[in-house]
Amino acid sequence: MVPKDTIAAIATAPGRGAVGIIRISGTEAISIAERLTRELPPPRRAAVRELLADDGAVLDEAVVLVFPGPSSFTGENVVELQGHGGPAVLELLLERVVELGARLARPGEFSERAFLNGRMDLVQAEAVADLIAASSRRAAQSAVRSLRGEFSRRIEALVIRLTNLRARLEADFDFSDDDIDPYAEEGLRADLAQLTVGLDAVLDTARQGERMSRGYTIVLAGAPNVGKSSLLNCLADSDIAIVTAIPGTTRDLLRAQVEIDGLAVDILDTAGLRDSDDPIEQEGVRRALNAIAQADLLIRVYDDDVTASRHDELKAFSVREDMPVLEVFNKVDLSGGVSGARGAMQYGVSALQGQGISALRAALVQALGIDTESETPLLARARHVAALEAAHLRLSAARELQSTGEGAELIAEELRGAQNLLGEITGQVTSEDLLGVIFSTFCIGK
Ligand code: GDP
Ligand code: ZN
C-alpha cells in the first residue's frame, strides 16, 4: 500500500550552512506550500518567495520549487523550500509545515515512497543511501552507476532469461505425455550453462562493488624511524589523513583513514602496539591485533640505508595466512638503492623525495585485487551478493538435475527459486520486514 499522507523533513545535513532545504511530499504538499507562500511558482521553476507564519510574519525567504506528481522523486507532489541553512530557522519552517498538515518523515521515507510508487527499484533506492555514505571517489562512482539503474538492468536481464527458460521447460512438462520434445536436452544444458556465466559475471562485479564500499585495511609494519608515517602521507591522495588513535595507544598513529587512488583505505600502524598493564590500553591493543589479523594487505617497511634490521623491537602480531605482503625499502635517496620494483612484491622508494611511490601505489592497488583496467564495479550490498550467491546455488542444482536426467518440473522449480532470489534484489519480490530494515538506515529527508 502506498501511503497517502503528506510528509516533511529537513533534507540538508544538520548544522549551519548557506542553504537549508525542507522537502515536502504527498497529496497535500502543494496546498501546504500555497498557504505558506501566497503564490506558488509554476511547476519546476525556481522562484524566491516569502514564507509566512500564521499571523503573516515572514519566517524566511526561500527558493521554492514545485514538482507535481507523478514525475517527481517520490512520484507524489513534492515541494522543496530552499531557505537559509540555520537550524533555528529550519526548525521554525518545519513546524509551520507540520502546522499546515504535514507530518514529520521517518528516515528514508521519501526514498521508500519513491520505491513504492515505482519511481525506482530497491537497488536504486539503496544506491541513493550508499552514494551519500560513500567514503571514497570510486565507491561514489560505483553508487552512481547503480543509482542510474545499471545494476538493476543486469539483474533484470538475468530474470528475463530465467523466465524464458522456465516457460520453455513448463511447456515441456505440460506436453510430456506427447511425443514432441520441444526442448532438446542439449539446448537446455547449453542455456543453463550460459545463464550461469551471466550470473557469475554479475556476481563478480557485485562482490567487487560490495568489497569496495566496505573499504580496505592495510597494515603498515616496521621498526621506528624507517619512515612509515612519511610513507603513509605520500601514499594518501591528500595531506590530511584522518587519524583515529585507538584509546590507550598514543605512542604513534595506529589507524589512519586515507584515500589511495580513489579507494577508501584504513591504515593500521603496528608501531602503536606495545605491552601494557593498563586494561584500557590492553583492550586497544587486542582490538588492533584483531583488525591486523583480518586486514587485506601487509606492507613491511625497511630502512634501505641500514643493514641491521630493528624488527625484533616490534610486538609480535599475526596476519592471515593468505594475506598479500609488500616489502618496501625506504630512503633510497640516502642508500642509493634501486627505486621502483626490485622483485615480486618488493619496492624501493623514497617517502621523502617520491622515487618509486607511483609504482608502489599501483602495486598496492593491484595487491588489493582491484582491476583498474576493467569497468567501475557496480556498488552492491552484502544482501545483493548473498542473493546472487544463493541464486548461483539454485542454478547449479538445476544443472545437476539436468545432467542426471531429472524431469523438467524439478529443474523449473530450481529456476523459479533463482528467479525469486534475483527479484528480492530489485524489490520485485519483497516483504515489509525487508523494506523496514533497508529504509530505516537511511538519513532523514532522504
Ligand atoms: P616512522 O617512525 O616509521 O613512522 O618514521 P617517520 O615517517 O616518522 O620518519 C622517520 C624519519 O625518517 C623522519 O625524520 C623522516 O623525515 C625520515 N624519512 C622518512 N622517509 C625518508 C626518506 O625516504 N628519505 C629520507 N632521507 N628520510 C626519510
Ligand atoms: Zn610513525
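Just follow the structure's listing: the first ligand is 1, and inside any ligand the first atom is 1.
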May I ask you to say whether [X] pairs ionically with [Y], meaning some side-chain N is under 4.0 Å from a carboxylate O?
X: D261; Y: R137; value: no
X: R49; Y: E61; value: no
X: R113; Y: D5; value: yes
X: K331; Y: D305; value: no

Six-ring centre of F110, R23 cation under 6.0 angstrom, axis tolerance 45°: yes

Hey, which atoms in ligand 1 end up nearer than 4.0 Å to a heavy atom of [X]?
X: N225; answer: 1 (P), 2 (O), 3 (O), 5 (O), 10 (C), 12 (O)
X: L334; answer: 26 (N)
X: K228; answer: 1 (P), 2 (O), 3 (O), 4 (O), 5 (O), 7 (O)

Look only at interatomic distance and state if [X] has a nitrogen or oxygen under 3.5 Å from any nitrogen or oxygen of ligand 1.
X: V349; result: no
X: K331; result: yes
X: L231; result: no
X: D269; result: no

Sequence neighbours left out, what pairs pass salt bridge (charged side-chain N to carboxylate O under 4.0 Å, His left out) with at least one residue falling in residues 336-360? D304-R342

Under 3.5 Å, which donor-acceptor pairs link side chains of residues 90-100 to any protein atom two or more places apart or in another chain?
from : atom 1 : to  : atom 2 : distance (Å)
R96  : NE     : L52 : O      : 2.9
R96  : NH1    : E99 : OE2    : 2.5

Heavy atom under 4.0 Å from ligand 1: found in N330's side chain, backbone, both, or neither? side chain

Out of C234, S230, S339, indicate the one that has the non-hydrogen atom closest to atom 15 (C) of ligand 1. S230

